[in-house]
Peer 1: 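Have a look at this one before I ask anything.
Hydrogens, waters and symmetry mates are skipped; everything else that's a heavy atom, side chains included, is used.
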Amino acid sequence: MNKIFIIAEAGVNHNGDMETAKRLVDAAVAAEADAVKFQTFKAESLVCKQAPKAEYQMETTNAEESQFDMLKKLELTPDMHRELISYCQEKDIMFLSTPFDVDSLHYLVDCGLSIIKIPSGEITNYPLLREAARSGRRIILSSGMSTMDEVREAVAVLKENGGTDITVLHCNTEYPTPFCDVNLLAMRTIKEEIGVSVGYSDHTPGTEAAVAAAALGAEIIEKHFTLDRNMEGPDHKASLEPDELVRLVKEVRHIGEALGDGEKRASESEKKNMAIARKSIVAGCCIKAGEKFTEDNLTAKRPGTGLSPMLWNQVIGQTAKRDFAADEMIEL
């Protein structure tokens, strides 16, 4: 079985409330995801106070509120981080969080995280890439909004600074992403051209694109989820609800199992059907001892417990050693 690592992206869908954050952890556990991921940042280090909101943020939050003020309400404090990490340990699910600045990255390393997830917007943030690589952690790099050259350059920075375990997630950073803009085949291009393992971070509605990415060889699938898409906040509307997350995980697990190891062979489950479904060389009519086997007096019929029709040319022209009734399997 190809074990696809599934990240349930809670992000900022906790809305700054610890009980909501814990309920998100519970939903990720119930869905049997491998990890639940939040975001670690200080608004002061992330965004200028005059920075505008994205269009999707304007549509899903108070339009009069600045991006800075919106993000300030969505910060997780150190105490909240510790409580969530402890809660995830209690629930036996991996806690992950995305750092948006170097101080946040160092904080997560100090918290003991073994994986650093770099978001799409930071793919050109050299200092963050450098410090992520120097941390010695496994690195997952989202690549939304980027060109192949930018991905290649970011991976080069990671490798130059000691990064060895790198997975690049193909991604489109529109919430939600139109299906016509998903371009899943770019994931395979990244793998072929840059030589890294790949996955997919999905912002489309529903589960189809993520399942298709799994079928195309994604080693990691990341998907936003929420408790309720009608909640106020920038990412809720582009997120799965808990029952949909359950379905996504189940479907991706099925795909991972179905991919197999690539060797073409009869499976154990189907071997019992081989004799029933295949054919044998049988007499097409009564054949007397001493007659020649010909195209006219032989045929192929089920079951496949006799001579294989692939031996047809070896049987034609030989002499029957005994009488054969119609439908009787030929013996040489």
Side-chain angles (χ1 to χ4, degrees), residues 4-17 20-41 54 56-57 60 71 74-76 80-81 84-85 87-88 91 93-100 104 108 113 115-123 138-145 167-177 182 187 198-211 213-214 218-229 231 233-249 251-252:
I4 298 170
F5 191 75
I6 302 176
I7 301 173
E9 167 70 88
V12 294
N13 284 343
H14 51 77
N15 286 359
D17 177 68
T20 301
K22 288 183 175 180
R23 288 176 61 199
L24 287 164
V25 172
D26 291 340
V29 170
E32 300 184 359
D34 295 296
V36 58
K37 187 170 76 65
F38 294 89
Q39 295 180 6
T40 302
F41 59 86
Y56 77 91
Q57 293 172 335
T60 55
L71 291 171
L74 300 174
E75 290 178 358
L76 291 174
M80 293 172 79
H81 276 82
L84 277 175
I85 291 170
Y87 191 71
C88 286
K91 296 294 183 176
I93 189 170
M94 182 182 289
F95 171 90
L96 292 178
S97 192
T98 297
F100 284 79
S104 294
L108 291 175
L113 270 66
I115 298 174
I116 298 298
K117 165 65 198 303
I118 300 171
S120 292
E122 307 301 324
I123 197 168
R138 179 183 182 185
I139 298 169
I140 301 173
L141 172 67
S142 275
S143 61
M145 306 174 291
T167 301
V168 174
L169 304 188
H170 176 56
C171 179
N172 181 290
T173 313
E174 172 65 308
Y175 300 83
T177 301
V182 172
M187 181 183 71
V198 293
Y200 176 56
S201 181
D202 185 33
H203 299 130
T204 64
T207 63
E208 303 100 312
V211 172
E219 297 181 32
I220 297 173
I221 294 292
E222 179 182 79
K223 183 76 174 181
H224 277 269
F225 76 106
T226 180
L227 299 176
D228 183 348
R229 267 194 295 273
M231 294 173 71
D235 296 340
H236 292 287
K237 289 197 183 308
S239 301
L240 297 181
E241 292 186 339
D243 61 330
E244 296 170 311
L245 181 64
V246 169
R247 185 171 74 248
L248 171 71
V249 173
E251 290 171 345
V252 170

Peer 1: Let me confirm one number: the CD-CD1 distance from E32 to I93, rounded to the nearest 0.5 Å.
Peer 2: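 One finds 10.0 Å between CD of E32 and CD1 of I93.
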
Peer 1: Can you name the residues that form a ring-ring contact (aromatic ring centres under 6.0 Å, His included) with F95, not counting sequence neighbours?
Peer 2: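 Listed in chain order: F38.
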
Peer 1: I'd like to know whether V252 forms a side-chain contact (heavy atoms from CB on, under 4.5 Å) with I4, so could you lay out the CA-CA distance, the side-chain angles of the two residues, the decisive distance to 0.1 Å, and finally the verdict.
Peer 2: CA-CA 7 Å; V252 170; I4 298 170; 3.8 Å; yes

Peer 1: Would T226 and D235 count as a side-chain contact (heavy atoms from CB on, under 4.5 Å) if you check the C-alpha gap in whole Å, the side-chain angles of each, and the deciding distance to 0.1 Å?
Peer 2: CA-CA 8 Å; T226 180; D235 296 340; over 6 Å; no

Peer 1: Hey, could you give me the CG/NZ distance between D228 and K237, rounded to the nearest 0.5 Å?
Peer 2: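 The distance works out to 9.0 Å.
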
Peer 1: Ignoring hydrogens, what is the shortest heavy-atom contact between L113 and L96? Give both atom names and the distance.
Peer 2: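 Minimum heavy-atom contact is CD2-CA, 4.0 Å.
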
Peer 1: Hey, does the side chain of N172 reach the backbone of E174 with a donor-acceptor pair shorter than 3.5 angstrom?
Peer 2: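 The answer is yes, because a donor-acceptor pair under 3.5 Å joins these two groups.
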
Peer 1: How far does CE of M94 sit from SG of C88, to the nearest 0.5 angstrom?
Peer 2: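 Going from the CE atom of M94 to the SG atom of C88 covers 10.5 Å.
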
Peer 1: Within the side chain of N13, is there an N or O that forms a donor-acceptor pair under 3.5 Å with the backbone of F225?
Peer 2: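 Side chain of N13 to backbone of F225: a pair is present.
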
Peer 1: Going by the rule salt bridge (Lys or Arg N to Asp or Glu O under 4.0 Å), which residues pair with E251 if we only count those two or more places apart in sequence or in a different chain?
Peer 2: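 Residues passing salt bridge (Lys or Arg N to Asp or Glu O under 4.0 Å) with E251: R247.
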
Peer 1: Taking all non-hydrogen atoms of both residues into account, name the closest pair between S143 and S120 and its distance.
Peer 2: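 Scanning both residues, the minimum pair turns out to be N-OG, 3.6 Å.
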
Peer 1: Just jot down the salt bridge (Lys or Arg N to Asp or Glu O under 4.0 Å) partners of E244, sequence neighbours excluded, or say none.
Peer 2: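 Listed in chain order: R229.
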
Peer 1: Is D26 close to K91 at the side-chain level, that is, under 4.5 Å between some pair of heavy atoms?
Peer 2: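 Side-chain contact under 4.5 Å: yes.
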
Peer 1: Please name the pair of heavy atoms, one in A30 and one in V246, separated by the smallest distance, quoted to 0.1 Å.
Peer 2: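 Taking A30 first and V246 second, the nearest heavy atoms are O-CG2, 4.4 Å.
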
Peer 1: Could you check whether any side-chain heavy atom of L76 comes within less than 4.5 Å of a side-chain heavy atom of Q39, counting everything from C-beta outward?
Peer 2: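 In short, these two side chains do not touch, never coming nearer than 4.5 Å.
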
Peer 1: Got a donor-acceptor contact below 3.5 angstrom from the K223 side chain to the G206 backbone?
Peer 2: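 Pair found, side chain donor or acceptor close to backbone of G206.
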
Peer 1: Taking the side chain as every heavy atom from C-beta outward, state whether L169 and L141 have any atom pair closer than 4.5 Å.
Peer 2: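 Side chain of L169 against side chain of L141, heavy atoms only: no contact under 4.5 Å found.
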
Peer 1: Calculate, to the nearest 0.5 Å, the distance between atoms NZ and OG belonging to K37 and S97 respectively.
Peer 2: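 One gets 7.0 Å once the value is rounded to the nearest 0.5 Å.
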
Peer 1: Between T40 and L108, is any pair of side-chain heavy atoms under 4.5 Å apart?
Peer 2: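 Counting from C-beta outward, T40 and L108 do come under 4.5 Å.
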
Peer 1: Does any N or O in the side chain of T167 come within less than 3.5 Å of the main-chain N or O of V198, such that one atom is a donor and the other an acceptor?
Peer 2: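 Judged by distance alone, no pair lies under 3.5 Å.
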
Peer 1: Quick check for you: to the nearest 0.5 Å, what is the distance between E219 atom CD and F5 atom CZ?
Peer 2: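 Result: 12.0 Å between the selected atoms.
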
Peer 1: Does E208 have any salt bridge (Lys or Arg N to Asp or Glu O under 4.0 Å) partners at least two apart in sequence or in another chain, and if so, which?
Peer 2: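 Counting only residues at least two positions away or on another chain, E208 forms no salt bridge (Lys or Arg N to Asp or Glu O under 4.0 Å).
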
Peer 1: Please name the pair of heavy atoms, one in A214 and one in I221, separated by the smallest distance, quoted to 0.1 Å.
Peer 2: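 What the structure gives for the nearest pair is N-CD1, 4.1 Å.
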
Peer 1: Please evaluate residues L74 and F41 with respect to the criterion side-chain contact (heavy atoms from CB on, under 4.5 Å), reporting the C-alpha separation (whole Å), side-chain torsions for both, the decisive distance (0.1 Å), and the verdict.
Peer 2: CA-CA 9 Å; L74 300 174; F41 59 86; 4.2 Å; yes

Peer 1: Distance from E9 atom CD to L24 atom CG, nearest 0.5 Å?
Peer 2: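 That separation rounds to 10.5 Å.
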
Peer 1: Between C171 and E222, is the side-chain contact (heavy atoms from CB on, under 4.5 Å) condition met? List the steps.
Peer 2: CA-CA 10 Å; C171 179; E222 179 182 79; over 6 Å; no

Peer 1: Look only at the side chain of T204 and the backbone of A209, and say whether a donor-acceptor pair between them is shorter than 3.5 Å.
Peer 2: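 A pair under 3.5 Å: no.
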
Peer 1: Looking at G199 and M187, what are the two nearest heavy atoms and their distance?
Peer 2: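 Minimum heavy-atom contact is O-SD, 3.4 Å.
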
Peer 1: Might you point out which heavy atoms bring N15 and G233 nearest each other, and give the distance in Å?
Peer 2: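 So the minimum-distance heavy-atom pair works out to OD1-CA, 4.4 Å.
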
Peer 1: With sequence neighbours excluded, tell me which residues meet ring-ring contact (aromatic ring centres under 6.0 Å, His included) with Y87.
Peer 2: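 Result, ring-ring contact (aromatic ring centres under 6.0 Å, His included) vs Y87: none returned.
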
Peer 1: Of V36, I140, I115, which is the lone residue that meets side-chain contact (heavy atoms from CB on, under 4.5 Å) with I7?
Peer 2: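 When side-chain contact (heavy atoms from CB on, under 4.5 Å) is applied between I7 and each of V36, I140, I115, only I140 qualifies.
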
Peer 1: Which residues satisfy the ring-ring contact (aromatic ring centres under 6.0 Å, His included) test with H203, sequence neighbours excluded?
Peer 2: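 ring-ring contact (aromatic ring centres under 6.0 Å, His included) check on H203 returns Y175, H224.
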
